[in-house]
Amino acid sequence: MSDNKMKSVKDFSKIQEQITELDPSEFIKLPPPYDDWVDPPMKELTEDQKNRLEHSLDGFSGIAIPKPETEEEKQELVAKFLSGLKKLLSKEDNWILLQPLLLSMENCVKCQSCSDECPVYIASGKEEIYRPIFRGEILRRIINKYLKPGGKFYHKFSGSDIDLNWETVARLAELSYRCTLCRRCAQACPIGVDNGLISREIRKLMSQELGLAAEELHKSGSMKQLATGSSTGTNPTAMLDIVEFIEEDLKDMTGLDIKMPLDKEDADILLIHNFGEFLSWPENIMAFAIIFEKAGINWTMSSQMGGYDSVNYGLWYDDAQLARVALEHIRIAKELNVNRIVMGECGHAHKALMPVADRILIDENIIPRESAYPILEEIVFSGKIKFDPNKNDFPVTLHDPCNAVRAMGIVKPQRKILRYLCPQFREMVPHGVHNYCCGGGSGFAIMQGKNFPDWRNGLSFRMKFKQILDAFQDKIEPSTYKYVCSPCSNCKGTFRDGLTYYNAFDKAGIIYGGLVELIVNAMVDIEKPFIEWELK
Amino acid sequence: MILLYLFTYFSLFVFIVLVFSKIIKYSSAPVHVRWELYPVAHEKNKYGGSYYEEPKWWKNEIKKSHIAEFWAMFEEIIFLKGVYIHNRKLWYFSFPFHLGLYLIVATFFLIVISVLFDLASLVVLNTDTLFVGILLNNVINIFGYGGLVLTCLGCIGLIFQRATDKKFKFYNSAMDFTNLYFILILGVVVFITLVNSNTGFIESKIFVKNLFTLNFAAINDVSFIIHVILLSLFFLYFPITRMMHLFAKYFTYHKVRWEDEPNVKGGKLEKKIKEALNFGVSWSAPHIQTGKTWAEVATTNPTEEKK
Ligand code: SF4
Ligand code: SF4
């Protein structure tokens, strides 16, 4: 059993030592060839990190919260938390999500219908702090006790007490980064309570009031994107160099001499990729270019600040950053006078710019925004490109990125393509809008600091890994190469690290990649296999 | 006796005011960003697909199936479909409990209808020989007795589960039990009145008629007096508890989970967004640059000074 010291919810603020010690032997078991898999011990923080950083939740540090040095400092932070909480519940400061938040905070009946739907909670062997309602319950008790009239008096007797101290705030902040915001729990809730949203709103409070956020999301994420043009730090000049590089590689790989259209005015489509693709998976950029060129699409990409990186980490933690980055994307589309913006293979970028940012756009900023998946489907079935599905005759399964599928309902186009082009396509169970998150959602894919990657690889990725193995059980031997199609950059990042952690290529012959790579691999015109069988 | 009647009026009045204020609170919240979750019931694709599955979706007319929406809501409210799928053990008690409550609420409305019919001289309370009267009486009896039995049995099961199952115990608060015990005690008291002198809900009907006609006639049955007091207290208590999820559910489904209305130039939504963008921002983290409107914050680059 994991060593959880809480006997009741209120212990969350009372216990002085670390609340729980995870025990990997309690994590869900994996199917063959991992039936005898023994997890390596999860990395501990160094002594120095332990002295400096808050880690009293579960021993992991996702957002590196510095420990306050004095009692006054602690009190100041607690006061700030409370002032932030008031803002979170105010119309002016939080019109953006006030109604959904109030509904979720006020109506949970603690029926626990959501618990077993959470991949993190289940994969952990039902660790209490990861139960979907746990963080909401803490926040609810704080609101009821500290913000409602008579709350302090009432909650002494109601049996739903909680103390607000620095430990509570710090643990709650870390705890909001133990949820991938996948919203599977919300889907299961009969009332419509959204615990994923509650996690997201706690993150927002921490960021917008206390300035606390995962460094990879804020300082080296959205701030860097606003400063340089990309969260990777790539500025427009470097971007041009990289594109040139990719064009050369494309020629080497396929013999095709394709010039990427950049900053072309009046194009039909402005294609925006997650810039991670340019650096880590350039074959995705190439594949899009090949498909669009062969299909005769009038398209362009931008090389201008704000126009070449679709990521929008604000979606996961901060409304101001979300709006700023989205408006940059819109500005570029207006400057280029394109008909529509098309999101490449990146789930959270889809959700940020399409449905969510929809409600911050006015006047000329209301520009059509679309997903690449239906456009790819249209091209594949248009007859403009010739395919030979036998070129993809290996087991393929599909991962559904939560943001594009559960949160946007883009389910069928990618499946239709795979059913047509991949004779050995098989679904995961469950799939579509009921899929499991890759485990890297909400920024976890890029959070590489301290000991957090061990938590992600060993725990939050685990349910997805189990699904992948289950889907390939009939051909699980490593000599049969298998492909996990993941039409999302962040999910690919999780797969890269997770599959490496489990040594999945050597043990089971599993690699991952995007959707467009499979499309190009099946093209009759492309002679050499486009997919390389290695774990990159 | 007049106090009993006055207390009943008071509790009904407070109940209505509190329920309405809650509904107004939810419905008057400003526009929010889209946060839907698929499957969205009114979409034509049952597997959870949306209009985003079409290229150039923005050129198409977006069709909504209100029947599908109604059916999804019906399944959820009447059969507790979500609980059935995700928490079967709980459903065995939660379903009869809720169904029983619905039947009791229906009984209440049917009693009101009987009284109104009686006042309009269309029926005679409980002694009717006309088809409508007989029908009403029989339905009231079936719904009322059946509802009580189901509610009480469900309630006992839920109390037992909450008290014994680890996953509930950890989160239990006094209020979780108070709600259930309150309903159980109320149910038992109503039963006693039914066995005593309220057979066929005759006392209930007369009491409701008295309420309508401001006739503060004496009531001799002590158990019925206790029943009225408890029920009035319940009306006062209900709106301050999580039992309000009954009304909140409309908003969580229709205003969040299934709310996929796109924002179009010149539309109503755009107008609301413009209003919201003019709200002031007081968040105090440095990168927010507080003291501006949301429109200004969104168009400020917090890194610019540093460059
Ligand atoms: S969030 Fe929903 S499903 Fe989960 S305990 Fe609360 S009411 Fe039940
Ligand atoms: S959003 Fe996903 S990870 Fe977070 S609590 Fe819900 S199911 Fe678990």
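Source: prediction; values computed, not measured. Note on naming: letters A, B, ... go to the chains in the order of the sequence lines (proteins, then strands), and numbering restarts at 1 for each one. Quick note: numbers below take in every heavy atom, side chains included, and nothing from hydrogens, waters or symmetry partners.
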Under a 4.5 Å heavy-atom cut-off, does chain B meet the side chain of [X], its backbone, both or neither?
| X | value |
| --- | --- |
| A:K7 | backbone |
| A:E137 | side chain |
| A:C114 | neither |
| A:L322 | neither |
| A:V342 | neither |
| A:R131 | side chain |
| A:H218 | side chain |
| A:R183 | both |
| A:Q414 | neither |

Between the side chain of [X] and the main-chain N/O of [Y], is any donor-acceptor distance below 3.5 Å?
| X | Y | answer |
| --- | --- | --- |
| B:W294 | A:E92 | yes |
| A:W95 | B:V31 | no |
| A:E370 | B:Y52 | no |
| A:R324 | B:P302 | no |
| B:N263 | A:D358 | yes |
| A:N107 | B:A248 | no |
| B:S50 | A:M408 | yes |
| A:K412 | B:E53 | no |

Does the pair B:Y171 and A:Q112 meet the rule for a side-chain contact (heavy atoms from CB on, under 4.5 Å), with working shown? CA-CA 10 Å; B:Y171 294 90; A:Q112 305 293 3; 3.4 Å; yes

Kindly determine whether B:K265 and A:E364 satisfy side-chain contact (heavy atoms from CB on, under 4.5 Å), including the steps that lead there. CA-CA 8 Å; B:K265 258 182 239 170; A:E364 299 315 311; 3.7 Å; yes

Side-chain contact test, heavy atoms from C-beta onward, threshold under 4.5 Å: evaluate it for [X] versus [Y] and give yes or no.
| X | Y | value |
| --- | --- | --- |
| B:Y47 | A:H434 | no |
| B:E54 | A:P374 | no |
| B:V281 | A:D93 | yes |
| A:E117 | B:H86 | yes |
| A:V411 | B:N45 | no |
| B:H245 | A:V193 | no |
| A:K110 | B:R162 | yes |

Does any heavy atom of chain A fall under 4.5 Å from the side chain of [X], the backbone, both, or neither of them?
| X | result |
| --- | --- |
| B:D165 | neither |
| B:I288 | both |
| B:K59 | neither |
| B:P286 | neither |
| B:E261 | both |
| B:L37 | both |
| B:V264 | backbone |

Where [X] and [Y] come nearest, the two heavy atoms and their spacing:
| X | Y | value |
| --- | --- | --- |
| B:P39 | A:V433 | CD-CG2, 3.7 Å |
| A:P190 | B:V83 | CG-CG2, 3.6 Å |
| A:G409 | B:Y38 | N-CD1, 3.3 Å |
| B:A285 | A:S207 | CB-O, 3.1 Å |
| B:V297 | A:A320 | CG1-CB, 3.8 Å |
| B:F168 | A:C111 | CE2-O, 3.4 Å |

Pair B:K56 + A:E378: basic N to acidic O under 4.0 Å: no

Are B:E270 and A:R359 ion-paired here, with the side-chain N under 4.0 Å from a carboxylate O? no

Testing the 3.5 Å rule here: is there a donor-acceptor pair between the side chains of A:E106 and B:Y26? yes

Any side-chain donor paired with an acceptor under 3.5 Å for A:D318 and B:H287? yes

Top of [options] for chain A proximity - count of heavy-atom pairs under 4.5 angstrom:
| options | value |
| --- | --- |
| B:F251, B:W35, B:Y253, B:F279 | B:W35 |
| B:I273, B:T300, B:V256 | B:I273 |
| B:S28, B:G49, B:G82 | B:G49 |
| B:A295, B:A29, B:P30 | B:P30 |
| B:E76, B:Q161, B:M244, B:E43 | B:E76 |
| B:S94, B:S284, B:G266 | B:S284 |

Could you tell me the separation between the [atom1] atom of [X] and the [atom2] atom of [Y], rounded to the nearest 0.5 Å?
| X | Y | atom1 | atom2 | result |
| --- | --- | --- | --- | --- |
| B:R257 | A:C189 | CZ | SG | 7.0 Å |
| B:L246 | A:I191 | CG | CD1 | 9.0 Å |
| A:L103 | B:H32 | CG | NE2 | 8.0 Å |

Exceeds 12 heavy-atom contacts within 6.0 angstrom, atom NZ of B:K22: yes

